[in-house]
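Notes follow once the structure below has been shown.
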There are 2 protein chains.
Amino acid sequence: MRRDTIEHGSAGRGASGTAPRRVLLEAQDRFISAWGQMGATWGISRTMAEIHALLFITGESLCTDDVMERLHISRGNASMSLRALCDWGIVTRAHRRGDRKEYFEAEQDAWSILQKVVRERIKREINPLLALLYEIRELTGVPGETERAREADTAVSAHNTRMDAMLQLLRVTDELGNKFTAASGEQVRRTADMLAGLEDA
Amino acid sequence: MRRDTIEHGSAGRGASGTAPRRVLLEAQDRFISAWGQMGATWGISRTMAEIHALLFITGESLCTDDVMERLHISRGNASMSLRALCDWGIVTRAHRRGDRKEYFEAEQDAWSILQKVVRERIKREINPLLALLYEIRELTGVPGETERAREADTAVSAHNTRMDAMLQLLRVTDELGNKFTAASGEQVRRTADMLAGLEDA
DNA sequence: CGTGATTTTCAGAATATTCTGAAAGCATCG
DNA sequence: CGATGCTTTCAGAATATTCTGAAAATCACG
């Protein structure tokens with residue numbers, strides 16, 4: 001994919017912003033790239049991650065055209081990606097009085113972003129997987145019952161052991177995720193500070 | 001992508017296996033599909049995840065041809081994917097005396113698989129991202145120093161606050177991941193059992 | 001309603017990823 | 001060595017994903 005770096009410089013005209021401003025724009029661009037890259041490796045479309053990065057790092061509410069211009073993407077792409085970000089709950093729609101346009105802003109609390117992403121991924125990916133695995137597990141005997149006939153079959157019983165181990169792992173992961181996403185901002189903040197402290201020790 | 005379900009049935013000939021065996025094969029196939037699907041949504045190629053699922057759920061050591069046949073994939077694909085799984089540390093090469101072929105087997109402990117995947121993803125994805133973000137953070141002032149000129153600039157200082165929040169989140173995540181991947185099997189098992197218990201409460 | 005501004009949708013184009021198969025590489029054995 | 005059996009590599013094909021742009025839908029307001 002083509003990814004051109006934007007020149008926020010003095011190229012051309014002299015009045016293109018003060019030095020701190022140029023540095024800020026450059027830092028934003030690099031943040032956007034880094035975030036986009038990360039999104040891509042975790043199964044989120046790069047553009048979606050970039051739009052999110054843009055809204056987060058500028059902290060402003062931007063309209064579709066702002067996003068299109070800054071990221072060089074089409075209207076359709078911007079529209080669809082923004083909607084998806086809203087569905088994930090990490091971007092919200094906003095309006096300005098006397099302006100028909102719709103503006104978007106990103107959740108500004110980093111931990112809250114993570115909570116929302118985790119919540120959504122559990123709901124969309126872990127839970128359906130768990131349901132499937134339970135279904136598959138039952139093909140080879142109900143876990144509770146001790147089925148004589150099947151317990152005798154070494155292959156089946158080994159299979160069941162493996163399935164049960166995987167199910168436990170997913171259940172625990174699911175539960176841990178639920179605990180985390182249910183935590184209040186205060187709880188998360190205190191825990192994070194504690195863990196951040198540990199790391200220096 | 002085309003994904004055909006394999007018929008492990010009595011179709012055609014009568015001697016195609018006992019009933020438990022057919023059920024086992026069906027359960028394996030469905031596990032493989034589910035696992036492949038999950039891999040795909042988490043940024044791992046579907047085939048790689050499927051091969052891993054196959055090796056895990058059968059518990060056997062299989063050679064390249066076994067994998068090719070069961071999953072209907074080409075030799076090249078099988079070879080590359082198996083190598084990648086070995087690089088991730090969740091599949092190991094094995095040999096049988098009097099046989100030149102190479103066999104592969106999957107780590108059988110589910111928690112250990114997760115530990116290895118987490119370790120690798122931290123190393124490959126979180127750490128480089130952290131490095132990038134530190135670099136970007138320094139464009140707008142060194143965190144420690146109180147730079148008068150820049151502190152005055154509201155936009156820059158808000159930017160720095162956001163960057164610092166994101167950096168803290170990633171540092172804590174990284175550290176948590178390291179703690180988890182460093183835990184012994186015994187520690188993990190005890191913790192998991194504890195958490196599994198909590199969930200029923 | 002009618003008009004103009006804005007947003008959404010979606011077929012087809014562009015791009016990126018994954019897969020194949022045949023050729024090249026590498027051991028091991030006779 | 002040279003043949004044999006197995007593995008790896010990689011260019012090009014197949015497939016999946018993402019993006020575009022223009023048409024259709026929606027909306028706000030007179």
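Every chain is numbered from 1 and lettered A, B, ... according to where its sequence line falls, protein lines coming before strand lines. Computed over heavy atoms, backbone and side chain alike; hydrogens, waters and symmetry mates excluded.
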Requested in this report: Would you kindly compare A:R100 and A:R83 by the position of their nearest DNA chain C nucleotide and give the one closer to the 5′ end?
Outcome: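 The residue mapped nearer the 5' terminus is A:R100.
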Report task. Report the residue (A:N77 or A:K101) whose heavy-atom-nearest nucleotide on DNA chain C is the more 5′ of the two. Result ->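 Taking each residue's closest nucleotide, the earlier one in sequence belongs to A:K101.
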For the pair made of [atom1] in [X] and [atom2] in [N], what is the distance, rounded to whole Å?
X: B:L82; N: C:dT18; atom1: CG; atom2: P; answer: 16 Å
X: B:R93; N: C:dC26; atom1: CZ; atom2: C1'; answer: 13 Å
X: B:D99; N: C:dA27; atom1: CG; atom2: C1'; answer: 14 Å
X: B:D65; N: D:dC6; atom1: CG; atom2: C1'; answer: 9 Å
X: A:M80; N: D:dT18; atom1: CE; atom2: P; answer: 11 Å
X: B:R75; N: D:dT8; atom1: CZ; atom2: P; answer: 11 Å
X: B:H72; N: D:dA14; atom1: NE2; atom2: C1'; answer: 18 Å
X: A:L62; N: C:dT6; atom1: CG; atom2: P; answer: 16 Å

Report task. Tell me whether the OP1 or OP2 atom of D:dT18 has a side-chain N or O from A:T47 closer than 4.0 Å. Result -> no
Requested in this report: Just do the salt bridge (Lys or Arg N to Asp or Glu O under 4.0 Å) check on A:R70 and A:D29 with the steps written out, would you?
Outcome: CA-CA 9 Å; A:R70 181 82 186 256; A:D29 282 342; 3.2 Å; yes
Query raised in the report: Taking atom types as modelled and ignoring hydrogens, do the side chains of A:D164 and A:N160 form a donor-acceptor contact shorter than 3.5 angstrom?
Result: no
Report task. Report yes or no: do A:D109 and A:Q115 form a side-chain donor-acceptor pair below 3.5 Å? Result ->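 No, no side-chain donor-acceptor pair sits under 3.5 Å.
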Report task. Identify which one of A:R83, A:R96, A:R93 satisfies the salt bridge (Lys or Arg N to Asp or Glu O under 4.0 Å) criterion when paired with A:E102. Result ->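 By the salt bridge (Lys or Arg N to Asp or Glu O under 4.0 Å) criterion, A:E102 pairs with just one of A:R83, A:R96, A:R93: A:R93.
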Query raised in the report: So what does A:S45 touch, heavy atoms closer than 4.0 Å: a base, only the sugar-phosphate, or nothing?
Result: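 If one applies the 4.0 Å heavy-atom cut-off, A:S45 turns out to touch the sugar-phosphate alone, with no base involved.
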